[in-house]
Chemist: 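Can you keep this structure in mind? I'll have questions shortly.
Predicted model, so just to flag it, every value in this text is computed and none were measured.
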Amino acid sequence: SQYYTGAEGKFLGQLPPGKYRARVERDPMVSEPVDFELKDGKYLELQLPSHAMLSVRVYDEAGRGVPAKISVVGIADTAHAGEEPRHYLFDLTAGQRLRGTDYLPDDPNDPENTMQYIENHDYTKDGNVELAVRPGRYRVFASRGLEYDVQVTDGEIEAKAGQSLPLVFTLRRVVDTPGYIGSDFH
């Protein structure tokens, strides 16, 4: 069975007494499976592991918040070199979303370039966005179409469970298109 919680994190479901396995998922986190026996009148409490938050602000050269795309690129642990990403990056049976990878052969000596995946991405219309990520190592990119440069964090960042990391980017206009509107329609 599958159940959805309300805003307070609780759900009500009916199962006959017996032995079960349960886990809880809320993007981007999933708990480890818990085996339990359900008896009449009993309930089960599950704890979801903590995620990290990236608090991103994107400005133009004048200091105004601007629309932008934020891409969070994860760097996989070298212990997973050679493994299928579906075995360690996500679990579709738990309801997790697929995470795309760089499709390059893994090189445990160069994980920053050969063991990358898309952890999360979002768009902001005013330069402010919050992104939930799993604890791990990341590089974060800010972009705004063809007229602006792309900014990336200086090296990788370490996102820890329960932590909120502030990130600030300033995008510079590098292609002036007077009288035209620049766009990227794919």
Chemist: Using every non-hydrogen atom in the two residues, find where Val30 and Pro49 come nearest and quote the distance to one decimal.
Modeler: O-CG, 3.7 Å
Chemist: Applying the 4.5 Å side-chain criterion to the ILVMFWY set and letting contacts propagate, would Leu104 and Leu89 be lumped into a single cluster?
Modeler: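 No, Leu104 and Leu89 fall in different hydrophobic clusters.
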Chemist: Got more than 12 heavy atoms from elsewhere within 6.0 Å of CZ, Arg172?
Modeler: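 Open: at most 12 neighbouring heavy atoms sit under 6.0 Å from CZ of Arg172.
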Chemist: Can you check whether Gly145's main-chain N or O pairs, donor with acceptor, with Ser143's side chain at less than 3.5 Å?
Modeler: no
Chemist: Say you draw a straight line from OG of Ser55 to CD of Glu130; how long is it, rounded to the nearest 0.5 Å?
Modeler: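 The CD atom of Glu130 is 3.5 Å from OG of Ser55, to the nearest 0.5 Å.
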Chemist: Going hydrophobic residue to hydrophobic residue with side-chain gaps under 4.5 angstrom, can you get from Val56 over to Val168?
Modeler: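 No, separate clusters.
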Chemist: What's the spacing between Glu25 CD and Ser31 OG if we round to 0.5 Å?
Modeler: 9.5 Å
Chemist: Looking at side-chain heavy atoms only, is the closest gap between Leu54 and Val72 below 4.5 Å?
Modeler: yes
Chemist: Between the side chain of Asp60 and the main-chain N/O of Arg64, is any donor-acceptor distance below 3.5 Å?
Modeler: yes
Chemist: Checking Ile157 against Arg139 for the side chain to side chain contact (heavy atoms under 4.5 Å, CB included) test, could you report, in this order, the C-alpha distance in whole Å, the side-chain angles of both residues, the deciding distance, and whether it holds?
Modeler: CA-CA 6 Å; Ile157 61 169; Arg139 291 189 305 171; over 6 Å; no
Chemist: Indicate the atoms forming the closest heavy-atom contact of Leu92 with Arg97, along with that distance.
Modeler: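 Shortest heavy-atom contact: CD2-C, 4.2 Å.
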Chemist: What heavy-atom pair brings Phe36 and Ala22 nearest, and what distance separates the two atoms?
Modeler: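 Closest pair (atom of Phe36, atom of Ala22, distance): CE2-CB, 3.5 Å.
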Chemist: For the pair Asp102 (side chain) and Gln116 (backbone), establish whether a donor and an acceptor sit closer than 3.5 Å, ignoring hydrogens and angles.
Modeler: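 Such a contact is found between Asp102 side chain and Gln116 backbone.
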Chemist: Hey, is the main chain of Asp107 close enough, under 3.5 Å, to the side chain of Thr114 for a donor-acceptor pair?
Modeler: yes
Chemist: Any chance the side chains of His80 and Glu83 put a donor and an acceptor closer than 3.5 Å?
Modeler: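 The answer is yes; a qualifying pair exists.
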Chemist: I'd like to know if Arg137 pairs up with Glu112 as an ion pair, taking the criterion as any Lys NZ or Arg NE/NH1/NH2 lying under 4.0 Å from an Asp or Glu carboxylate oxygen.
Modeler: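 Glu112 and Arg137: salt-bridged.
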Chemist: Return the minimal non-hydrogen interatomic distance between Ile75 and Pro111, and the atom names on each side.
Modeler: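 Nearest heavy atoms, Ile75 then Pro111: CG2-O, 3.6 Å.
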Chemist: Within the structure provided, determine whether Tyr117 and Tyr138 are in side-chain contact (heavy-atom separation under 4.5 Å).
Modeler: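 Yes - at least one pair of side-chain heavy atoms lies under 4.5 Å apart.
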Chemist: Less than 4.5 Å apart, side chain to side chain, heavy atoms only: is that true for Arg23 and Asp91?
Modeler: yes
Chemist: Would you compute the distance between atom CG of Leu131 and atom CG of Leu167 and round it to the nearest 0.5 angstrom?
Modeler: 9.5 Å
Chemist: Could you give me the CA-CA distance, side-chain angles and deciding distance for Tyr59 and Val66, then say whether side chain to side chain contact (heavy atoms under 4.5 Å, CB included) is met?
Modeler: CA-CA 5 Å; Tyr59 301 103; Val66 294; 5.8 Å; no
Chemist: Write down the atom of Asn120, the atom of Ala132, and the distance for their closest heavy-atom approach.
Modeler: ND2-O, 2.9 Å
Chemist: Within a 6.0 Å radius of atom CD on Glu37, are there more than 12 heavy atoms belonging to other residues, nucleotides or ligands?
Modeler: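 Above 12, so yes.
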Chemist: Same cluster or not: Val73 versus Leu165, using hydrophobic residues (I, L, V, M, F, W, Y) connected whenever any side-chain heavy atoms lie under 4.5 Å apart?
Modeler: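 Unlinked, Val73 and Leu165 end up in two clusters.
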Chemist: Calculate, to the nearest 0.5 Å, the distance between atoms CE and CD belonging to Met53 and Gln163 respectively.
Modeler: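 Interatomic distance, Met53 CE to Gln163 CD, rounded to 0.5 Å: 12.0 Å.
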Chemist: Does any donor atom in the side chain of Tyr4 or Gln2 lie under 3.5 Å from an acceptor atom in the other side chain?
Modeler: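 Yes, Gln2 and Tyr4 have a side-chain donor paired with an acceptor closer than 3.5 Å.
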Chemist: Any side-chain heavy atom of Val140 sitting closer than 4.5 Å to one from Val152?
Modeler: no
Chemist: Looking at side-chain heavy atoms only, is the closest gap between Pro28 and His51 below 4.5 Å?
Modeler: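 Yes, their side chains come closer than 4.5 Å.
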Chemist: Tell me, with the steps shown, if Thr124 and Asp122 meet side chain to side chain donor-acceptor pair (under 3.5 Å).
Modeler: CA-CA 7 Å; Thr124 170; Asp122 204 352; over 6 Å; no
Chemist: Could you grab the distance from atom CZ of Arg99 to atom CD1 of Ile118, nearest 0.5 Å is fine?
Modeler: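 Interatomic distance, Arg99 CZ to Ile118 CD1, rounded to 0.5 Å: 11.0 Å.
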Chemist: Is there a side-chain contact between Phe141 and Val150 in this structure, where contact means two heavy atoms from C-beta onward sitting under 4.5 Å apart?
Modeler: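 They are in contact (side-chain heavy atoms under 4.5 Å apart), so the answer is yes.
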Chemist: Is it true that Glu119 and Arg134 have a side-chain N and a carboxylate O under 4.0 angstrom from each other?
Modeler: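 Salt bridge between Glu119 and Arg134, a charged N being under 4.0 Å from a carboxylate O: yes.
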Chemist: Taking the side chain as every heavy atom from C-beta outward, state whether Asp176 and Pro178 have any atom pair closer than 4.5 Å.
Modeler: yes
Chemist: So, applying side chain to side chain donor-acceptor pair (under 3.5 Å) with Gln151, which one of Thr153, Asp149, Asp154 is it?
Modeler: Asp149
Chemist: Measuring only between side-chain heavy atoms, which start at C-beta, is Val58 closer than 4.5 Å to Ile70?
Modeler: yes
Chemist: Taking it one step at a time, do Thr177 and Arg173 satisfy side chain to side chain contact (heavy atoms under 4.5 Å, CB included)?
Modeler: CA-CA 10 Å; Thr177 56; Arg173 186 177 216 151; 3.9 Å; yes
Chemist: Are there more than 12 heavy atoms of other residues, nucleotides or ligands under 6.0 Å from atom CD of Glu8?
Modeler: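 Correct, the count exceeds 12.
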Chemist: To the nearest 0.5 Å, tell me how far Thr5 OG1 sits from Leu12 CG.
Modeler: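 Between Thr5 OG1 and Leu12 CG, I get 12.5 Å after rounding to 0.5 Å.
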Chemist: Quick check against the 3.5 Å criterion: does Asn128 have a side-chain atom that pairs as donor or acceptor with the backbone of Arg57?
Modeler: no
Chemist: If Ile, Leu, Val, Met, Phe, Trp and Tyr residues are connected whenever their side-chain heavy atoms lie under 4.5 Å apart, and connections chain through other members, are Phe11 and Leu46 in the same group?
Modeler: yes
Chemist: Around atom CZ of Arg26, are there more than 12 heavy atoms from other residues, nucleotides or ligands closer than 6.0 Å?
Modeler: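 No, CZ of Arg26 has 12 or fewer neighbouring heavy atoms, counting only those of other groups under 6.0 Å.
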Chemist: What heavy-atom pair brings Ala52 and Ala159 nearest, and what distance separates the two atoms?
Modeler: CB-CB, 3.7 Å
